[in-house]
K.L.:
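Take a look at the following structure, please.
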Amino acid sequence: MKLDLKPLLNPEQYEAAMHHQGPLLILAGAGSGKTRVITHRIAHLHVNLGVPLERILAVTFTNKAAGEMQERVRHLLHGLGAGERGSPTLSTFHALCARFLRMYAEQAGLDPRFSIVDDDDHLALLKRAIVSLEIEATPEVVRGASNAIDDAKNRGLDPDQLEEEAIGARAEEDARIYRAYQLELRRNQSLDFGDLILEAVRLLRSHPAVRRQTQRRWVYLMVDEFQDTNPVQYELLRLLCGEERNLVVVGDDDQAIYRWRGATVRNILDFEADFPEARIVKLERNYRSTQMILDASGAVVAPITQRREKTLWTEQRGGERVQIFTGHNSREEATWVARGIQRAAMRGIDYDQCAVFYRTNAQSRQIEEQFRAQGLPYQIVGGVSFYARSEIKDLLAYLKVALNPANSLDLRRIINVPRRGIGDKSLDRLDALAASLGPDATLYEAIGLIAQATLDDGTFKGKQLEAFRDLYQLLEDLRRDILAGVPPSVIAAAVIDRTGFVAWLEQTEPQSAEDRKQNLWELVAAMQDFEREAEAQGQPATLVDFLERSALVQQNDTVHGDEPEARRLQARPITLMTIHAAKGLEFDAVWVVGVEEGLIPLLRERDRDAPDRMDKLDEERRLLYVAMTRARKQLALTNAKVRRLYGKEQLAWPSSFLGDLPPQTLEVSRESAERDLLWGKPPAQRSGGDFDELSQLPADDDPGVDPNPHRRRPTLQAIQERRTTLHAALQAAAPAPTLRRQARPRAAEEPPAAAALQTDLFALRRPTPAPPPEPEDDTPRVVYDDDDLAAAPPLRRGARQRPEAPEDEDLVGRTASHTREGFGTITAVAGDGDMASVTVFFPSSGRELTIKKRYLKIY
DNA sequence: TCGTCAATTATTTTT
DNA sequence: TAATTGACGA
């Protein structure tokens with residue numbers, strides 16, 4: 001069956017999707033259907049041109065994007081009845097490189113069981129490296145070296161090359177630290193994120209045979225979010241596509257928001273320099289937003305000089321104006337957002353089509369508080385990653401060490417967790433012992449010597465010796481299990497059981513033990529999911545693969561409020577996330593909070609004089625652009641005059657970027673504390689955007705600011721300090737203020753009186769009044785008087801309810817625990833209900849027992 | 001060696 | 001605000 005793309009795509013999309021060979025740059029504006037182009041091109045190559053799917057490689061940055069593309073390609077091909085013949089490789093840069101390096105571990109000079117270190121491990125290792133050079137590991141040194149190393153890896157430099165280009169003592173020191181750090185990594189048989197790409201590049205460069213093999217394997221290359229590539233990633237792409245130069249890149253320089261991670265817009269701006277024969281297609285037709293939203297957001301990036309000119313257009317003429325709201329404080333801002341969402345819901349926009357974006361995670365707290373107070377269901381995307389939680393890292397550390405005994409970093413982590421009486425002193429002696437065994441000896445080997453009593457000098461005895469023996473025995477058992485192919489979930493459960501992890505949690509952290517236990521079981525459940533998935537694909541579920549996934553998947557788990565689980569699952573929640581996390585998503589209605597100077601753009605004092613400050617400012621513009629272009633129909637930008645952050649009140653003023661928005665696209669909310677569209681400066685002066693502008697003054701009626709900009713040009717910090725002091729003085733001088741009741745938003749018709757503004761400010765310094773009582777019923781509370789709100793939208797049943805009480809035939813393969821026998825895997829079931837006879841294999845004892853179901857805990 | 005309590009301090013974005 | 005670090009006593 002032939003696939004005719006013509007009726008499916010617009011002319012530009014069609015041109016891009018029909019592209020056959022050679023380099024192509026697709027400049028895809030926000031919402032212009034780039035994923036559609038990529039998936040249709042894959043289908044076209046396969047169905048019309050007979051390209052085997054295995055020859056196609058598409059690289060993305062996030063697992064989310066890779067997964068989505070996978071799904072869409074599968075769906076598209078399935079619809080054409082062409083889905084059964086293999087599948088293209090759709091992967092992230094990092095996952096691709098990790099697999100590649102394990103495959104060619106020998107040529108790359110690596111142990112195929114190498115561990116991948118996350119950011120925390122990276123810092124720990126870095127500190128050790130710094131100390132090993134007898135340099136004091138102050139936060140500045142660590143941060144500086146970390147940045148230098150990251151930057152070097154992003155540019156593809158090794159320690160020697162970094163040293164060569166180093167100017168000054170500081171840079172030379174960084175290079176030396178880089179060298180020592182690499183040594184630490186090597187000793188631990190570990191790679192960090194940067195190494196994954198860099199080592200892959202080195203391997204391809206130095207091994208022509210591997211390179212040829214790889215180039216033959218993938219003939220058609222596509223890269224999504226090309227604007228986010230850094231120089232090494234770019235180099236990797238060039239090596240992958242080889243002489244054929246058969247490379248299609250899709251990107252939007254206006255959405256480049258990862259410069260700080262080494263991404264360089266240059267890659268997209270100068271693509272033709274490297275590929276002079278490249279075709280370029282611009283996708284400017286937007287299928288997502290109203291013209292109003294496009295006009296407003298376009299104005300934010302328009303002042304950027306280094307950019308590919310694009311003008312988005314849509315057939316959705318008109319649309320609602322962008323709402324602008326200024327709250328007296330950040331709590332009021334949150335209240336207004338909550339109310340706005342309830343209004344949107346009245347107009348038929350589901351909660352799960354509403355999103356709130358903020359610049360920093362810390363801002364989510366206040367939004368949460370309001371949502372909780374008003375009974376709005378929400379989910380937070382991002383935040384502390386599941387895999388960054390200490391109990392999860394502990395458990396995984398056991399598995400990582402068992403797999404890769406050279407991983408001393410993780411061994412250190414667990415050597416005394418749970419407490420087994422091996423303290424700092426013992427660890428020092430263990431280090432000394434390892435050092436005496438030779439330069440390449442590992443901690444694990446040293447422990448082995450002690451445990452097997454090969455060492456008989458009496459350094460360790462009694463309880464300590466016992467502790468070492470237990471630990472060693474445990475790890476050896478795990479190693480054996482891994483080799484024997486015992487499923488990861490069973491191994492993990494055995495660790496929890498044999499270390500007494502749960503009891504330790506309950507004893508040391510009684511308040512959070514419940515949560516942490518939940519997390520542990522969630523990890524075991526994640527492993528089981530993984531095992532089922534692998535089984536479905538007919539592949540073995542190996543621990544290496546699971547660990548790799550856990551290291552590379554930034555699980556966007558949802559951190560929920562303290563609402564009861566059942567209630568939370570009932571409604572499709574509103575999404576709260578950082579702007580970065582929002583890239584690639586879209587919602588009917590979007591609220592961007594904290595559109596303030598200092599937050600958007602986020603500026604810190606030390607950036608003031610940075611040579612690249614203009615670039616940073618441009619990136620902040622793009623960030624706001626990304627946030628705004630997520631909205632389909634409705635968009636609001638909010639800020640506050642006083643912001644509570646880190647437990648402190650700080651005065652704030654509207655972002656200078658707001659001054660670039662065309663007034664005819666805006667509408668200031670009637671409830672706003674600031675009614676004026678001219679945020680304290682005439683429009684003529686407003687556009688450029690420079691750091692000096694920051695020290696210029698905000699609205700005249702803001703307290704605490706010298707109204708004469710010529711008198712001095714204080715630093716950002718000085719301004720804030722001065723404002724805060726004056727603010728405090730004002731407060732001290734005032735008669736006892738009346739406290740305003742909290743969290744009862746005023747009716748929409750009643751804008752805050754001028755007098756209320758003052759008391760409002762004062763109220764901030766007082767202890768917060770008791771929070772409003774939790775609503776008892778399940779419906780969202782109606783918080784203001786509008787009649788039309790009385791009919792609040794019904795909460796819908798959520799889609800992702802976890803299956804409870806599994807059907808009996810589902811039990812086989814699951815993990816079960818028994819009070820005496822510990823953890824095991826279910827191998828058979830007879831009968832049903834609580835009295836069913838369940839046969840369980842317990843790896844710790846090697847026994848298989850049949851036990852009544854009611855005596856088992858099943859996970 | 002371990003647990004408690006006080007002090008300190010850092011606050012961006014993430015594969 | 002919250003999370004981490006450091007000192008101290010058991």
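Throughout, protein chains are lettered first and strands after them, A, B, ... in sequence-line order, and every chain is numbered starting at 1. Since this is a predicted model, take the numbers as computed values, not measurements.
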K.L.:
Rounded off to whole Å, could you give me the CG-to-P distance for the A/D120 and C/dA3 pair?
P.N.:
14 Å
K.L.:
Is the shortest side-chain N to carboxylate O distance from A/R202 to A/E235 below 4.0 Å?
P.N.:
no
K.L.:
Over how many whole Å does the gap from A/E619 atom CD to B/dT13 atom P extend?
P.N.:
14 Å
K.L.:
Categorize A/F193 for me: base, sugar-phosphate, or nothing, with a 4.0 angstrom heavy-atom threshold over every strand shown.
P.N.:
base
K.L.:
Please state how far atom CZ in A/F357 lies from atom C1' in B/dT13, giving the value in whole angstrom units.
P.N.:
14 Å
K.L.:
Looking at A/R389 and A/D515, does any basic side-chain N land under 4.0 Å from a carboxylate oxygen?
P.N.:
no
K.L.:
Which part of the nucleic acid, if any, lies within reach of A/T508 when heavy atoms closer than 4.0 Å are counted: base, sugar-phosphate only, or nothing?
P.N.:
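No contact.
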K.L.:
With a 4.0 Å cutoff (strictly under), does any side-chain N or O of A/T60 reach OP1 or OP2 of B/dT15?
P.N.:
no
K.L.:
Take A/Q507 and A/T360, find for each the nucleotide of DNA chain B with the closest heavy atom, and name the residue whose nucleotide sits nearer the 5' end.
P.N.:
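Its nearest nucleotide lies further toward 5', so the answer is A/Q507.
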K.L.:
Would you call A/E368 and A/R365 a salt bridge, using N to O less than 4.0 angstrom?
P.N.:
no
K.L.:
Looking at A/R419, I'd like to know whether one of its side-chain N or O atoms comes within less than 4.0 Å of OP1 or OP2 on B/dG3.
P.N.:
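Checking A/R419 against B/dG3: at least one side-chain N or O falls below 4.0 Å of OP1 or OP2.
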K.L.:
Students often get this wrong, so: under 4.0 angstrom with heavy atoms, is A/N361 touching a base, only sugar-phosphate, or nothing?
P.N.:
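Sugar-phosphate: the residue A/N361, judged by heavy atoms under 4.0 Å, touches backbone atoms but no base.
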K.L.:
Would you mind reading off the distance between A/Y387 atom OH and B/dT14 atom C1', rounded to a whole angstrom?
P.N.:
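Whole-Å distance recorded here is 17 Å.
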K.L.:
Take atom C1' in B/dT13 and the same atom in C/dT4, then report the distance between them in whole Å.
P.N.:
22 Å
K.L.:
So does A/N416 get a side-chain nitrogen or oxygen closer than 4.0 Å to the phosphate oxygens (OP1/OP2) of B/dC2?
P.N.:
yes
K.L.:
Testing the 3.5 Å rule here: is there a donor-acceptor pair between the side chains of A/H580 and A/Y258?
P.N.:
no
K.L.:
Under 4.0 Å, counting only non-hydrogen atoms across every strand here, what does A/Q464 touch: a base, just sugar-phosphate, or nothing?
P.N.:
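The residue A/Q464 makes sugar-phosphate contact but no base contact.
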K.L.:
Just how far, in rounded Å, is C1' of B/dT15 from NE2 of A/H580?
P.N.:
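Computing the A/H580:NE2 to B/dT15:C1' distance gives 13 Å.
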K.L.:
Where each residue is assigned the nucleotide of DNA chain B containing its nearest heavy atom, which of A/Q233 and A/E140 is assigned the position nearer the 5′ end?
P.N.:
A/E140
K.L.:
Please determine whether a side-chain nitrogen of the Lys or Arg among A/D151 and A/R155 lies less than 4.0 Å from a carboxylate oxygen of the Asp or Glu.
P.N.:
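Yes, charged N to carboxylate O under 4.0 Å.
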K.L.:
OP1 or OP2 of C/dA2 less than 4.0 angstrom from a side-chain nitrogen or oxygen of A/R365, does that happen here?
P.N.:
yes
K.L.:
What's the CG-P distance between A/L427 and B/dC2, to the nearest Å?
P.N.:
11 Å
K.L.:
Rounded to whole angstrom units, what separation is found between the CG atom of A/L599 and the C1' atom of B/dT11?
P.N.:
12 Å
K.L.:
Measure from CD on A/Q650 to P on C/dT1 and round the result to the nearest Å.
P.N.:
14 Å
K.L.:
Would A/T35 and A/E68 count as a side chain to side chain donor-acceptor pair (under 3.5 Å) if you check the C-alpha gap in whole Å, the side-chain angles of each, and the deciding distance to 0.1 Å?
P.N.:
CA-CA 9 Å; A/T35 309; A/E68 189 187 321; 4.9 Å; no
K.L.:
Indicate, with a heavy-atom threshold strictly under 4.0 Å, whether A/Y258 touches base, sugar-phosphate, or nothing.
P.N.:
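It contacts sugar-phosphate atoms only.
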K.L.:
Please answer whether B/dT13 and A/W260 are stacked, defined here as ring centres separated by less than 5.5 Å and planes angled under 30°.
P.N.:
yes
